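None of these values were measured; they are calculated from a predicted model. First listed ligand is number 1; within each ligand, the first listed atom is number 1. The figures here come from the full heavy-atom set of this structure, side chains too, leaving out hydrogens, waters and symmetry mates.
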Amino acid sequence: MSSHIPYPSSKPLNPDELIQQCANYHAFLEKRRSLRFFSDHPVPREAVEQLIMAASSAPSGANKQPWTFCAVGSLELKKQIREAAEEEEYRSYHGRMSKEWLRDLAPFDTDWRKPFLETAPWLIIVFRRIYEFGEEGKKENNYYVNESVGLACGFLLTALHQAGLVALTHTPSPMDFLTKLLGRPANEKPFLLIPIGYPAPDATVPDIQRKPAERVIAWYE
Ligand code: IYR
């Protein structure tokens, strides 16, 4: 039985206004960059809650919203997460990653050290919920979990950007240590570790380019 409610309709803009509006938003998003240098300037918990709820407004398979966002502000827990991530990353950079992979990463100047995991005021650890525990502990399916959680993370990044905040979509690998440190249940798997905050005053970013339209769009008109 479905029940639908009206969607507030919008009046079409004139085409020039529409193009300008789209161009403005594109220009705004072009300024977003992944940051590895964070200030320790605090971000209030209430802001983090709004950012996460903006992320949680993303579409998801059968509206299951198959995600949990862990917001870690505790210095002690951030330190433990840094230490565990660096241990895995040390092994990755010293043998687990291929030569080709290390070559592809060279422009980013990354290594196994992850001080930003302690400096950033908050770490948002996103978990994908691969199933739910229904009545009597029965497993209930979620759908398109990776797509859904990816979309929610995209929403989070744009919400952060509009607030003048920065983030790094960090993927220490493997990430099982996050399940243990945060005591997450068996139906949740770590998806992304996202430090958020303000950029350090002397922050730099790699000098890299985005692909132009003709390399990302195939038109069929
Ligand atoms: N997870 C490692 C390595 C790494 C991999 C990719 I692909 C990147 O775009 C960046 C880093 C790290 O975070 O250093």
Side-chain angles (χ1 to χ4, degrees), residues 29-40 43 51-52 55 67-75 77-128 130 145-161 165-182 184 188-200 202-212 215-216:
L29 280 190
E30 281 288 351
K31 292 196 213 115
R32 188 206 56 81
R33 295 295 308 262
S34 292
L35 251 282
R36 290 184 175 78
F37 305 101
F38 287 81
S39 147
D40 61 1
V43 172
L51 291 160
I52 292 174
W67 44 64
T68 300
F69 295 85
C70 296
V72 175
S74 148
L75 286 173
L77 200 45
K78 285 194 293 179
K79 185 163 177 279
Q80 288 174 12
I81 290 172
R82 175 189 178 175
E83 282 165 5
E86 287 185 333
E87 213 174 297
E88 292 295 358
E89 293 289 85
Y90 186 90
R91 286 198 213 136
S92 294
Y93 279 88
H94 294 86
R96 283 204 290 232
M97 287 153 79
S98 66
K99 271 209 188 84
E100 184 187 9
W101 192 349
L102 290 169
R103 194 195 58 218
D104 281 341
L105 281 183
F108 302 91
D109 269 337
T110 57
D111 62 24
W112 62 273
R113 291 180 199 88
K114 307 296 172 192
F116 51 77
L117 294 176
E118 275 186 86
T119 325
W122 293 94
L123 305 179
I124 299 181
I125 298 102
V126 187
F127 285 82
R128 56 191 175 96
I130 48 184
V145 170
N146 287 334
E147 291 84 347
S148 303
V149 183
L151 285 161
C153 290
F155 274 41
L156 178 63
L157 297 186
T158 55
L160 286 158
H161 183 53
L165 296 164
V166 294
L168 180 69
T169 43
H170 181 39
T171 51
S173 171
M175 286 199 276
D176 318 353
F177 68 89
L178 292 166
T179 302
K180 282 197 211 103
L181 281 176
L182 298 170
R184 301 316 302 169
E188 295 187 5
K189 301 285 172 212
F191 186 74
L192 277 179
L193 167 46
I194 311 180
I196 69 159
Y198 287 97
D202 56 352
T204 58
V205 291
D207 185 13
I208 50 174
Q209 310 306 321
R210 294 194 167 101
K211 290 180 180 175
R215 288 185 60 205
V216 294

| message | With side chain to side chain contact (heavy atoms under 4.5 Å, CB included) as the test, pick out the partner of L193 among V72, L117, T171. | response | L117
| request: Sequence neighbours left out, what passes ring-ring contact (aromatic ring centres under 6.0 Å, His included) with Y198? Give chain and number order. | output: H41
| query | In terms of ring plane angle, is the pair F116 and H170 parallel, tilted or perpendicular, where the classes change at 30° and 60°? | reply | perpendicular
Nitrogen or oxygen contacts under 3.5 Å, ligand 1 side and protein side:
unit_1: ligand 1; atom_1: 1 (N); unit_2: E89; atom_2: OE2; d: 3.1
unit_1: ligand 1; atom_1: 1 (N); unit_2: T171; atom_2: O; d: 3.0
unit_1: ligand 1; atom_1: 13 (O); unit_2: E89; atom_2: OE2; d: 3.1
unit_1: ligand 1; atom_1: 13 (O); unit_2: K114; atom_2: NZ; d: 3.4
unit_1: ligand 1; atom_1: 13 (O); unit_2: H170; atom_2: ND1; d: 3.1
unit_1: ligand 1; atom_1: 14 (O); unit_2: E89; atom_2: OE2; d: 3.1
unit_1: ligand 1; atom_1: 14 (O); unit_2: Y93; atom_2: OH; d: 2.5
unit_1: ligand 1; atom_1: 14 (O); unit_2: K114; atom_2: NZ; d: 2.5

| request: Look up atom CG in L77 and atom CG in L123, then write down how far apart they are to the nearest 0.5 Å. | output: 8.0 Å
| said: Strictly by salt bridge (charged side-chain N to carboxylate O under 4.0 Å, His left out), give each pair with a member in residues 106-127 just once, sequence neighbours left out. | reply: R82-E118, E89-K114, D111-R113
| query | By salt bridge (charged side-chain N to carboxylate O under 4.0 Å, His left out), which residues pair with E188, not counting sequence neighbours? | reply | R129, R184
